[in-house]
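Throughout, a chain's letter reflects where its sequence line sits, starting with A, and its residues are numbered from 1.
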Amino acid sequence: GNSVTQMEGPVTLSEEAFLTINCTYTATGYPSLFWYVQYPGEGLQLLLKATKADDKGSNKGFEATYRKETTSFHLEKGSVQVSDSAVYFCALSDPWQGGKLIFGQGTELSVKP
Amino acid sequence: GAVVSQHPSWVICKSGTSVKIECRSLDFQATTMFWYRQFPKQSLMLMATSNEGSKATYEQGVEKDKFLINHASLTLSTLTVTSAHPEDSSFYICSASSGTSGYNEQFFGPGTRLTVL
């Protein structure tokens, strides 16, 4: 079945450091891939997405590229801010399964001033 | 983006009672709504998918008689936890989508924290 694996947290960085959160997936078809962010006390928000191989999703300085050859969708940001502290979830959706999202376990990011 | 609300945001109840959680899409029609459960520091686990006017489809291992889902309109879905027990304490999150395919974005509610004493 389909699954998502992301690096364990927590990840602690200093402000302006480079961020990478690894995400790999297993899927039988051609899924869409997503990164969601959950700020403390809030619901999940879509951060970025990619729907086909080699697509790059980007938003708020974050980027992730859909790599079919390595089944990966790693999240990157060149310079993190304290306000980026949150839990980040990688997810996939198989378009032929009614839009069901399968989430990774989440990675907590803490950015220190 | 589209807004999804949940009510209540938190609830405490006694063991054996039932609790109803509402999920509303405020500015769009939600053809499909999803219910997730999230344990502390863990991922979201899909419990069920509901399409307006149809019976919900439950994921394997989720008791449909315990977690009653109703999606009677295009803007409202409810999850009722029947005869709640302490092990049902969790964070319940709904999401709503305007379509039924994987290309339709899901918009998430802020979640409801249930504590069963």
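- B/H71 and B/S77 form no side-chain donor-acceptor contact under 3.5 Å, judged by distance and modelled atom types alone.
- For B/L44, the parts sitting under 4.5 Å from any heavy atom of chain A are the backbone and the side chain alike.
- For chain B, no part of A/L92 is nearby; none of its heavy atoms comes within less than 4.5 Å.
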Give the table of side-chain donor-acceptor pairs shorter than 3.5 Å for residues 11-26 of chain A, with sequence neighbours excluded, one pair per line with atom names and distance.
from, atom 1, to, atom 2, distance (Å)
A/N22, OD1, A/H74, ND1, 3.4

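- A salt bridge links B/R24 with B/E22; the closest basic N to acidic carboxylate O contact falls under 4.0 Å.
- Neither the backbone nor the side chain of A/Q45 comes within contact range of chain B; no heavy atoms are under 4.5 Å apart.
- The ring of A/F62 has its center closer than 6.0 angstrom to the ring center of A/Y88.
- Between the side chains of B/S95 and B/Q106, at least one donor N or O sits under 3.5 Å from an acceptor N or O.
- For B/Q6, no part lies under 4.5 angstrom from a heavy atom of chain A.
- For A/E108, the part lying near chain B is the side chain, with the backbone staying farther off; criterion is any non-hydrogen pair under 4.5 Å.
- Both the backbone and the side chain of A/F103 come within contact range of chain B, judged by heavy atoms closer than 4.5 Å.
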